[in-house]
Amino acid sequence: MSDNVVPTLPTAEPIRLIDENGHAVTGEQTAGFAMPDDETLLDLYRAMVTARRFDTQVTALTRQGRLATYPSALGQEACEIAAVKSLGADDWLFPTYRDTIALLTRGVSPVEILSFFRGDWHMAYDPHEHRIAPQSTPLATQALHAVGLATAATLKGDAVVSLAFLGDGSTSEGDAHEAFNFASVWQAPTIFVISNNQYAISVPFAKQSHARTLADRAIGYGMPGFFVDGNDVAAMYAVVSAAVDRARAGGGPSMIEGLTYRMEAHTNSDDPTRYREKTEVADWQGRDPIARLESYLDAAGVLTPELRESISVEAEDLASRTRDAMNETPVIDPLELFDHVYSTPRAALLEQREYLAHELAQTETAPGGHA
Amino acid sequence: MSDNVVPTLPTAEPIRLIDENGHAVTGEQTAGFAMPDDETLLDLYRAMVTARRFDTQVTALTRQGRLATYPSALGQEACEIAAVKSLGADDWLFPTYRDTIALLTRGVSPVEILSFFRGDWHMAYDPHEHRIAPQSTPLATQALHAVGLATAATLKGDAVVSLAFLGDGSTSEGDAHEAFNFASVWQAPTIFVISNNQYAISVPFAKQSHARTLADRAIGYGMPGFFVDGNDVAAMYAVVSAAVDRARAGGGPSMIEGLTYRMEAHTNSDDPTRYREKTEVADWQGRDPIARLESYLDAAGVLTPELRESISVEAEDLASRTRDAMNETPVIDPLELFDHVYSTPRAALLEQREYLAHELAQTETAPGGHA
Amino acid sequence: MTLIDETAPAGIRSPAADADAAVAPVSPAAPPALAAPATVSMAAALNRALRDALTDDPSVVVFGEDVGPLGGVFRITDALTADFGESRVWDSPLAESGIVGTAIGMAMYGMRPVIEMQFDAFAYPAFEQITSHLAKMRNRTRGRISLPIVIRIPYAGGIGGVEHHSDSSEAYYTHTPGLTVVTPSNPADAYSMLREAIASDDPVIFLEPKSRYWSKDTVALPVQTEPMNRAVVLREGTDVTLLAYGPTVKTALQAAELGAAEGLSVEVVDLRSLSPFDDETVGPSVQKTSRAAIIHEAAQFGGYGAEVAARVTERQFFHLAAPVLRITGFDIPFPAPKLEEHYLPTAERVLAALDTWEW
Amino acid sequence: MTLIDETAPAGIRSPAADADAAVAPVSPAAPPALAAPATVSMAAALNRALRDALTDDPSVVVFGEDVGPLGGVFRITDALTADFGESRVWDSPLAESGIVGTAIGMAMYGMRPVIEMQFDAFAYPAFEQITSHLAKMRNRTRGRISLPIVIRIPYAGGIGGVEHHSDSSEAYYTHTPGLTVVTPSNPADAYSMLREAIASDDPVIFLEPKSRYWSKDTVALPVQTEPMNRAVVLREGTDVTLLAYGPTVKTALQAAELGAAEGLSVEVVDLRSLSPFDDETVGPSVQKTSRAAIIHEAAQFGGYGAEVAARVTERQFFHLAAPVLRITGFDIPFPAPKLEEHYLPTAERVLAALDTWEW
Ligand SMILES: Cc1ncc(C[n+]2csc(CCOP(=O)(O)OP(=O)(O)O)c2C)c(N)n1
Ligand SMILES: Cc1ncc(C[n+]2csc(CCOP(=O)(O)OP(=O)(O)O)c2C)c(N)n1
Ligand SMILES: [Mg+2]
Ligand SMILES: [Mg+2]
């Protein structure tokens with residue numbers, strides 16, 4: 001139990017540095033956080049534009065049947081990019097299925113990212129190379145892995161921070177609570193970034209929590225909690241990077257809720273018309289995180305037409321590289337199914353591998369056999 | 001999500017109506033709660049004295065090997081009795097293995113209570129007769145049952161409240177969080193009484209939570225939370241019964257943490273010398289919940305020597321009835337093992353029942369056979 | 001229309017079926033006689049079963065993740081909230097242990113919750129509530145508290161789901177005393193068995209083969225098929241008995257067709273009830289054919305097929321001409337979509353396995 | 001001293017043992033040669049194994065509920081915090097999913113967590129982390145992330161525990177691809193197998209038979225017994241092969257004694273490794289005796305014995321003179337203390353079962 005310092009509640013209004021019209025915010029609502037410098041903002045802008053182009057491209061490819069499924073993060077770019085950009089090279093990211101653009105921003109190649117959604121294998125990139133855990137599907141489970149990894153790093157004397165993405169719905173899971181509690185008791189250098197896009201598939205936030213904000217949970221763990229405008233990348237970046245610095249300096253974990261909105265369906269197989277109004281979506285279109293930063297940078301004279309042009313060219317280039325990559329059909333050896341289950345070979349699995357090898361050999365020769 | 005009313009933090013100092021010297025408390029620390037009337041206090045006193053005598057008697061019987069195990073609640077009487085006494089006849093109690101004296105106070109007979117700890121069967125009393133769920137061993141799981149029952153009652157239009165006991169350690173389990181969250185989202189008439197006896201077997205509270213108090217968790221659920229002196233039965237009763245009234249009136253759930261202390265070992269098979277100082281135990285002896293109320297009632301002239309005498313006679317009487325009951329060896333038919341697994345008979349179980357019946361018949365006749 | 005759609009509902013009745021028919025309740029409100037045959041999918045049949053149960057019994061409630069306005073990710077609860085209201089069918093917070101745990105409390109107060117785990121692997125967070133409470137409550141309380149709860153779990157593969165969306169988790173439940181575990185293979189059974197499961201006073205793990213959700217059949221709903229604790233002989237044969245359930249019943253029937261072409265007379269039994277196991281129906285079949293094989297998608301090691309092989313062998317050892325075969329998934333995690341075709345048992349694999357026997 | 005204590009450590013080596021011995025690591029710091037024989041309990045042997053592992057490998061950490069100053073409710077971690085410090089051995093918050101989940105994260109960063117679930121049934125809250133992550137991580141990442149984690153689980157009955165304290169939950173784990181599941185039956189194996197489990201790069205479910213914690217034996221620690229993936233023939237016989245593991249090994253050895261008195265020559269095999277199953281050792285034994293029985297405490301239906309019976313029959317069908325017998329607990333929740341004697345398999349039940357065979 002921490003000494004009786006009265007904990008402070010998160011602000012009722014989300015922390016904001018740039019308002020919906022692209023104007024700098026002053027006073028209370030900044031909660032004392034300073035505007036990131038222009039270079040940083042430009043970097044965030046570039047990443048968001050690229051990420052969105054990638055996201056829309058992948059959604060298109062999914063509609064064309066090139067991918068098994070794709071959960072889009074359209075509209076959530078500020079949370080995603082701000083979080084990733086706040087991390088150092090040695091820090092670890094623990095993403096969910098929703099956070100694909102975060103992987104892109106951290107440098108994973110389109111093919112290595114999309115291989116999972118195409119259904120080649122459960123994942124393709126090397127977690128150690130990128131310091132990115134597998135995209136987690138079982139909700140909230142990855143938050144505990146993040147706490148464990150950060151604790152291990154601390155025990156080994158490495159100043160490594162871990163950051164776990166969580167959705168609003170996933171915070172209802174027991175594992176989310178256990179992760180918050182372990183992190184605070186162990187003072188693990190772990191940042192919990194909750195992208196509150198206000199829906200868990202079809203379930204609105206009101207049916208998920210009765211709290212004023214999810215950030216209000218932090219007090220119950222003696223942890224700093226921040227309620228942030230999740231469509232204001234400047235605010236998200238300021239709050240998350242401050243939390244990362246605090247964690248690295250031994251200040252323990254933080255909980256950061258970014259209030260945002262899922263513009264697309266949950267996945268391509270979802271039908272949002274069953275549970276939300278088009279008008280609601282339209283409202284949020286007006287709060288677009290990229291447009292907002294764009295007009296701010298415009299006004300600041302930082303984002304020249306040339307620059308904007310070159311950025312969108314970069315983005316287009318990525319999109320076409322992604323298309324090309326997805327047009328190649330991957331070669332997957334079915335026999336690999338048996339190769340990674342255990343580190344040491346097992347007789348039973350070798351037998352089963354043999355069985356499949358034999359079957360494949362036959363079907364290749366047989367008429368109408370696959371491959 | 002509830003409308004943006006700024007939630008209020010629990011008080012940093014535990015709510016208290018009678019201090020450790022038995023004097024009435026005034027001002028801030030009462031948090032506006034009024035002292036229960038003398039009759040109520042006397043009733044609480046009687047119940048606590050009886051409960052303690054029962055508890056010490058059962059501990060003694062356990063040492064004599066009459067019971068398989070017994071988790072004593074010595075020192076925690078204020079939390080236990082105040083909570084039970086706050087409930088109406090139709091309300092439901094969801095106890096743990098620790099809350100045996102709560103069962104006694106709610107009218108379960110000693111034999112029906114102790115049958116579980118003696119190891120006759122998993123439980124003996126009729127849950128529906130007493131509106132008491134089985135004493136739960138899997139930590140925090142019962143809290144969800146309490147929420148479900150209260151929700152069902154509400155759906156059926158019954159003004160029934162459920163009260164779940166939780167230990168400090170058990171609040172670390174995912175199920176505790178899920179129960180708090182479901183209760184608040186559904187606005188279930190459920191009271192969570194957390195007996196914070198500061199240990200989970202050997203693990204001190206500081207290793208269980210980094211929060212200032214467990215009651216601080218309530219804000220994260222948009223739920224009223226109260227941090228109470230768990231050894232002040234007057235305060236516990238005032239806070240819990242107010243919460244019960246609020247819940248019954250449709251005000252939803254409440255979280256109440258009673259700060260108390262486990263005077264005995266976790267169970268008879270535990271060795272507290274391995275993890276806590278005798279001096280710590282001694283300190284808490286000085287905060288005894290019964291002594292405190294006793295001196296208050298003395299001073300108030302409510303507890304006459306005659307009354308105190310008759311109450312201790314009652315308690316002694318219960319103790320001897322308990323001893324006698326436990327001296328009888330229960331008759332349990334092993335064949336009952338097969339009778340309650342399913343509501344409809346299963347061929348396999350009937351066969352297995354036959355098998356055991358046959359075996360028993362043989363061993364009865366065989367030399368050295370049991371029975 | 002697949003093989004199964006012609007054969008399943010009109011399947012041959014198992015010997016003791018009539019005797020037991022009494023134990024299978026059916027909505028009195030809707031006598032089968034009145035209904036007209038129509039083409040229904042398993043998904044539609046399940047939806048209708050929920051509707052009829054909600055209509056007939058006010059104590060039935062349906063809740064879980066996305067079962068409300070969305071109608072569930074598989075649309076099994078389609079339009080139920082609209083038609084019965086939020087107090088009968090609603091979206092719960094996203095927590096499986098919470099869903100099962102609160103259902104237990106509701107059942108203690110006389111309700112009959114029908115809850116959904118969105119996918120097989122997402123029932124695991126509820127494992128403690130299921131094994132330590134749902135399965136044990138009745139025994140613990142000496143019969144004073146029964147828990148008439150149905151946990152609907154879409155399970156198994158074949159739909160190209162990413163990891164955690166294709167587990168066959170039946171063995172975890174069938175090994176847990178106190179649970180009843182059933183799985184339909186066709187629309188008629190889906191309706192009848194779900195109605196019976198909801199009417200049961202014991203907790204039922206109701207496993208829905210998601211790859212069969214869209215399989216259609218001509219059925220007159222409401223329909224009452226065999227009691228849910230009985231297996232059914234779907235196709236008679238004399239050379240070998242194929243035991244299958246849920247998604248692999250279709251595989252077994254296809255194998256029977258292929259076998260017939262090769263002059264092999266294959267009997268196909270749809271187990272339907274995984275716990276209890278219907279020895280009364282399976283025994284005579286194996287005695288007749290003297291050979292048996294069990295087909296399932298789950299990994300083989302410690303899978304449900306092990307129990308089937310063990311008990312059939314215990315009871316029919318001297319009738320068996322060969323060891324019971326297990327045609328199952330491999331002992332590996334369920335593969336990614338592009339590779340699941342190599343994992344799932346096929347009719348060809350069944351026949352190949354039968355060829356390993358000395359005949 | 002019980003039967004097992006004389007026989008177990010000096011057990012006959014299984015044929016292929018020497019060949020495989022290489023795969024069983026042993027603390028180089030402590031060559032067996034130097035150690036002097038002493039009387040040790042299984043609890044003491046486990047404690048010593050943890051100490052030696054903590055001493056030899058700085059990446060080994062031990063945490064869980066009450067494993068610190070208390071030394072665990074069974075004292076298996078006695079004095080480890082005092083001797084290795086809070087940063088190596090510590091009390092975690094009370095949440096099993098949290099314990100397994102954080103251990104996974106630690107292993108991803110190169111640690112070798114050895115974690116304790118206080119009792120069998122209290123591992124259920126961690127079921128999702130165990131099945132969906134611990135078991136699958138290596139496969140998911142194509143071998144890039146291995147999880148060298150040992151989950152110690154005191155299991156089974158025989159100590160008069162109240163409900164939830166006596167479950168035999170092995171079948172849940174053995175059916176889960178990706179997990180290795182082992183269980184020792186005597187102090188020497190307890191030491192050797194725990195050392196090997198900790199040294200393994202794969203997650204190991206280490207099941208400790210709590211009723212054997214206090215069984216003593218004369219062993220020189222450190223000791224290296226058979227590799228943990230091998231079964232061991234503890235007693236040779238010619239008439240029947242009794243397969244047992246953990247708590248029932250003693251039962252099997254007692255049955256062998258009783259059998260001998262009746263002129264029955266019983267071979268006893270201690271399986272030790274539940275996943276993988278050592279067909280190489282069990283096969284020849286069954287071929288020799290032509291009869292086999294498996295003994296375990298868990299409920300029979302879908303229990304581990306089903307896999308044993310199924311695979312032994314698949315491989316030895318034409319060698320078997322009778323069906324493989326399963327002598328197990330009943331298909332009911334584990335009974336309350338006063339009734340467990342009627343539930344647990346006994347040597348008498350084993351012999352009675354053997355009598356049901358036609359000889
Ligand atoms: C343990 C578990 N339960 C259920 C699911 C099925 N599921 C996948 S995504 C989802 C909604 C998650 O909502 P949220 O946490 O808000 O994340 P978002 O999808 O909005 O980014 C559900 C229920 C799952 N993946 N894991
Ligand atoms: C799910 C689960 N995990 C572990 C245990 C073992 N156990 C029994 S009591 C206990 C400590 C509980 O502490 P607390 O919640 O503070 O209650 P107290 O015993 O202090 O009343 C533990 C770890 C259990 N019963 N259930
Ligand atoms: Mg969301
Ligand atoms: Mg406690």
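Order of the sequence lines fixes the chain letters, A, B, ..., with proteins taken first and strands second; residue numbering starts at 1 for each chain.
- More than 12 heavy-atom neighbours from other residues, nucleotides or ligands sit within 6.0 angstrom of NE2 on B:H128.
- The parts of C:A95 that come within reach of chain B are both its backbone and its side chain, each placing non-hydrogen atoms under 4.5 angstrom from that chain.
- Of all heavy-atom pairs spanning C:S97 and B:D175, the tightest one is OG-OD1, 2.6 Å.
- Interface residue B:L337: only backbone heavy atoms are found under 4.5 Å from chain C.
- The choice from B:A348, B:A150, B:S136, B:S343 that makes the most heavy-atom pairs within less than 4.5 Å of chain C is B:S343.
- Contacts between B:E129 and chain C at a heavy-atom distance below 4.5 Å are absent for every atom of the residue.
- When B:D158, B:N181, B:T344, B:V185 are compared by the number of non-hydrogen pairs under 4.5 Å with chain C, B:D158 comes out ahead.
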Derivation of the side-chain hydrogen bond (donor to acceptor under 3.5 Å, both in side chains) call for C:Q129 and B:H145 = CA-CA 10 Å; C:Q129 286 287 353; B:H145 306 162; 2.8 Å; yes
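- Put simply, the side chain of C:M108 does not reach to within 4.5 Å of the side chain of B:P127, judged on heavy atoms.
- The contact list for residues 139-153 of chain C toward chain B, using heavy atoms and a distance under 4.5 Å, reads C:N139, C:R140, C:T141, C:R142, C:G143, C:R144, C:I145 by residue number.
- Heavy atoms closer than 4.5 Å to chain B are found nowhere in C:T131, neither backbone nor side chain.
- For B:F116, no part lies near chain C; criterion is any non-hydrogen pair under 4.5 Å.
- Interatomic distance, B:T141 OG1 to C:H133 NE2, rounded to the nearest 0.5 Å: 3.0 Å.
- Within the 4.5 Å cutoff, the side chain of B:R346 has heavy atoms near those of the C:T180 side chain.
- To the nearest 0.5 Å, atom CG of residue B:L155 and atom CH2 of residue C:W90 are 5.0 Å apart.
- Residues B:D339 and C:R138 come closest through the heavy atom pair O-NH1, 4.1 Å.
- Ranked by non-hydrogen atom pairs under 4.5 Å with chain B, the options C:D279, C:I99, C:V61 are led by C:I99.
- For a residue to count as touching a neighbouring chain, one of its non-hydrogen atoms must lie under 4.5 Å from one of that chain's; by this rule B:P134 touches chain C with the side chain only.
- Contact between B:Y342 and C:T176 at its shortest, heavy atoms only, is OH-O, 4.4 Å.
- Residues B:W186 and C:M106 share a closest heavy-atom pair of CZ3-CE, 3.6 Å.
- Taking 4.5 Å as the limit, every side-chain heavy atom of C:P93 sits out of range of all side-chain heavy atoms of B:E178.
- Among B:A188, B:A347, B:A153, the residue with the largest count of heavy-atom pairs under 4.5 Å with chain C is B:A153.
- Contact annotation for C:S92: both backbone and side-chain heavy atoms come within less than 4.5 Å of a heavy atom of chain B.
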